[in-house]
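Keep in mind that this is a model prediction, so the values were computed, not measured.
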Amino acid sequence: AQSVTQPDIHITVSEGASLELRCNYSYGATPYLFWYVQSPGQGLQLLLKYFSGDTLVQGIKGFEAEFKRSQSSFNLRKPSVHWSDAAEYFCAVVPGGSYIPTFGRGTSLIVHP
Amino acid sequence: GAVVSQHPSRVICKSGTSVKIECRSLDFQATTMFWYRQFPKQSLMLMATSNEGSKATYEQGVEKDKFLINHASLTLSTLTVTSAHPEDSSFYICSGGLEANEQFFGPGTRLTVL
């Protein structure tokens with residue numbers, strides 16, 4: 001079955017530390033890949049997306065993600081986390097030929113001062 | 001990017017009443033919009049696909065008579081929760097897109113049914 005897995009429910013990092021949020025998907029072909037961020041009580045904001053081409057994608061707020069076909073992964077990274085990055089992060093996948101995203105369960109990022 | 005608005009942002013209603021939530025695409029036309037429901041600490045669950053000028057397509061397990069969707073124009077879709085009950089309390093999010101494979105999300109509506 002097609003699925004999106006975010007294995008980490010919570011991640012805690014210190015401010016200034018690096019961050020990596022994991023996302024794995026299970027689809028027959030390379031889908032379109034997205035990372036969104038959601039602050040409490042807010043909607044989703046697109047951080048970055050991958051459709052094709054360069055597998056290292058730069059996004060807003062200093063985030064980047066790398067698509068690894070061999071691992072069916074699209075992990076989100078940031079070299080130095082700021083306290084304002086504390087939020088819920090969702091990986092989403094849209095299969096080719098579709099337009100309906102499937103979301104991972106989300107990873108809650110906690111940032112310690 | 002494209003902007004999607006939702007109104008109201010928060011609503012509290014009594015059990016048994018109906019509540020309408022509006023979703024607007026402000027700077028683009030959306031032939032298709034999506035409605036999601038999000039429970040606390042959980043991911044978004046697609047409820048239905050709203051199609052301009054035609055009936056909505058509901059996901060399995062979503063009661064179409066309870067969650068009425070109307071997509072009367074290319075910039076407006078509405079979700080009406082009929083005869084709301086406390087278990088309908090949730091965060092409702094809509095989305096629309098310029099391209100078939102990228103969605104822009106509204107800020108969400110927090111519904112509390114007393």
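A donor and an acceptor atom, one from each side chain of B/Gln38 and A/Gln38, are located under 3.5 Å apart. For B/Trp35 and B/Ser50, the side-chain atoms include no donor-acceptor pair closer than 3.5 Å. For B/Thr78 and B/Glu22, the side-chain atoms include no donor-acceptor pair closer than 3.5 Å.
When A/Ala92, A/Gly106, A/Pro101, A/Pro31 are compared by the number of non-hydrogen pairs under 4.5 Å with chain B, A/Pro101 comes out ahead.
B/Gly108 and B/Phe91 get closest at one heavy-atom pair: CA-CZ, 3.5 Å.
Two rings, from A/Phe67 and A/Tyr50, have their centers less than 6.0 Å apart.
Interface remark: A/Leu46 contributes side-chain atoms only to the contact with chain B (heavy atom separation under 4.5 Å). Using a 4.5 Å cut-off between heavy atoms, B/Thr49 touches chain A through its side chain atoms alone. Using a 4.5 Å cut-off between heavy atoms, B/Thr32 touches chain A through its side chain atoms alone. Proximity to chain B (any heavy atom under 4.5 Å) is restricted, for A/Phe90, to the side chain, taken from C-beta onward.
At a heavy-atom separation below 4.5 angstrom, chain B is approached by no residue within residues 69-78 of chain A.
Relative ring orientation between A/Tyr36 and B/Phe105 is described as perpendicular, the plane-to-plane angle rising above 60° on a 0-90° scale split at 30° and 60°.
Judged by distance alone, with hydrogens and angles left aside, the side-chain atoms of B/Ser25 form no donor-acceptor pair with the main-chain N or O of B/Val4 at under 3.5 Å.
Counting heavy atoms of neighbouring residues, nucleotides and ligands inside a 6.0 Å radius, atom NZ of B/Lys64 does not exceed 12 of them.
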